[in-house]
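So you know, we letter chains A, B, ... as the sequences are listed, proteins then strands, and number each from 1.
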Amino acid sequence: MPRRSPRPGKGETVAATYGIADLAREFDVTTRTLRFYEDEGLIAPERQGQKRIFSARDRVRLKLILRGKRLGFSIGEIREIINLYDAPPGEVGQIRFFLDKIRERRAALERQRDDIAATLDELADVEARCTTQLRDLGKRHS
DNA sequence: TTTCTCACA
DNA sequence: TGTGAGAA
């Protein structure tokens, strides 16, 4: 649960903030991971003295980061993508950029799939040769 | 509890 | 792409 600013005045905006442990709990990551993401420039929580104060906005970014991770994007790619959300919203260029990223990822996965298929074929070949060899050796001794 | 740094997989 | 330890 978010902590709220202490004693907000009448009509004052109550900005929800979160401690590092709050977010770690909520998203089931370690506090260590959150500091790591900050080092990588994925999030930029404010500081109150030494402590990190995460805003609702940081929370949203974290959500995006974790989604990107599930999609198989690298830290660098995630950084590029979520930084788009800072700029003016709904830019056509941003959507195109995101589409590019998706297509790149799909292409990479397809390449991997083809590599795996090729490797499986080669393994089958080797296996067949070995089996034959073994059988021939057996004949010779009988 | 949280911070940082260094080492490690 | 993270984790663990140690010290402040």
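When the shell of 6.0 Å around CG of A:Asp28 is examined, it contains 12 or fewer heavy atoms from other residues, nucleotides or ligands.
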Worksheet item: Should A:Glu46 and A:Arg52 be marked as a salt bridge (charged side-chain N to carboxylate O under 4.0 Å, His left out) after you check the CA-CA gap, both sets of side-chain angles, and the distance that decides it?
Response: CA-CA 6 Å; A:Glu46 290 177 11; A:Arg52 293 169 174 83; over 6 Å; no
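In this entry the distance linking CZ of A:Phe36 with P of C:dA5 reads 18 Å, nearest Å. Separating the CD atom of A:Glu38 from the P atom of C:dG2 is a distance of 16 Å, rounded to the nearest angstrom. The distance from atom CZ of A:Arg79 to atom P of C:dG2 is 13 Å, rounded to the nearest whole Å. Here C:dT3 presents its P atom at 11 Å from CD1 of A:Ile75, a figure rounded to the nearest Å. When rounded to the nearest whole Å, the span between CZ of A:Arg35 and C1' of B:dC4 equals 9 Å.
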Distances for protein N/O vs nucleotides 5-9 of chain B N/O pairs under 3.5 angstrom?
residue	atom	partner	partner atom	Å
B:dC6	N4	A:Arg32	NH2	3.3

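In terms of heavy-atom proximity, A:Leu34 sits nearest to A:Ile43 at O-CD1, 3.6 Å.
Residue A:Thr30 is in sugar-phosphate contact alone, with no base atom involved, counting any heavy-atom pair closer than 4.0 Å across all strands shown.
In terms of modelled atom types and a separation under 3.5 Å, the side chain of A:Asp22 and the main chain of A:Gly19 share a donor-acceptor contact.
Hydrophobic cluster membership differs between A:Leu42 and A:Ile53, with clusters built from Ile, Leu, Val, Met, Phe, Trp and Tyr side chains linked at under 4.5 angstrom.
Distances shown here put every side-chain N or O of A:Tyr37 at or beyond 4.0 Å from the OP1 or OP2 atom of C:dT1. For the OP1/OP2 pair of C:dT1 and a distance below 4.0 Å, the side-chain nitrogens and oxygens of A:Thr33 include no atom meeting the criterion.
Comment: A:Glu38 does not engage A:Arg35 in a salt bridge, judged by the lack of any side-chain N to carboxylate O separation of less than 4.0 angstrom.
The CZ atom of A:Phe73 sits 8.5 Å away from atom CD of A:Glu104, with the distance rounded to the nearest 0.5 Å.
Put simply, the side chain of A:Asp100 does not reach to within 4.5 Å of the side chain of A:Arg96, judged on heavy atoms. Annotation: side chain of A:Asp136 is not in contact with side chain of A:Gln133 (no heavy-atom distance under 4.5 Å).
The stretch residues 47-61 of chain A touches DNA chain B through A:Arg47, A:Gln50, A:Lys51, A:Arg52, each having a heavy atom under 4.0 angstrom from the strand.
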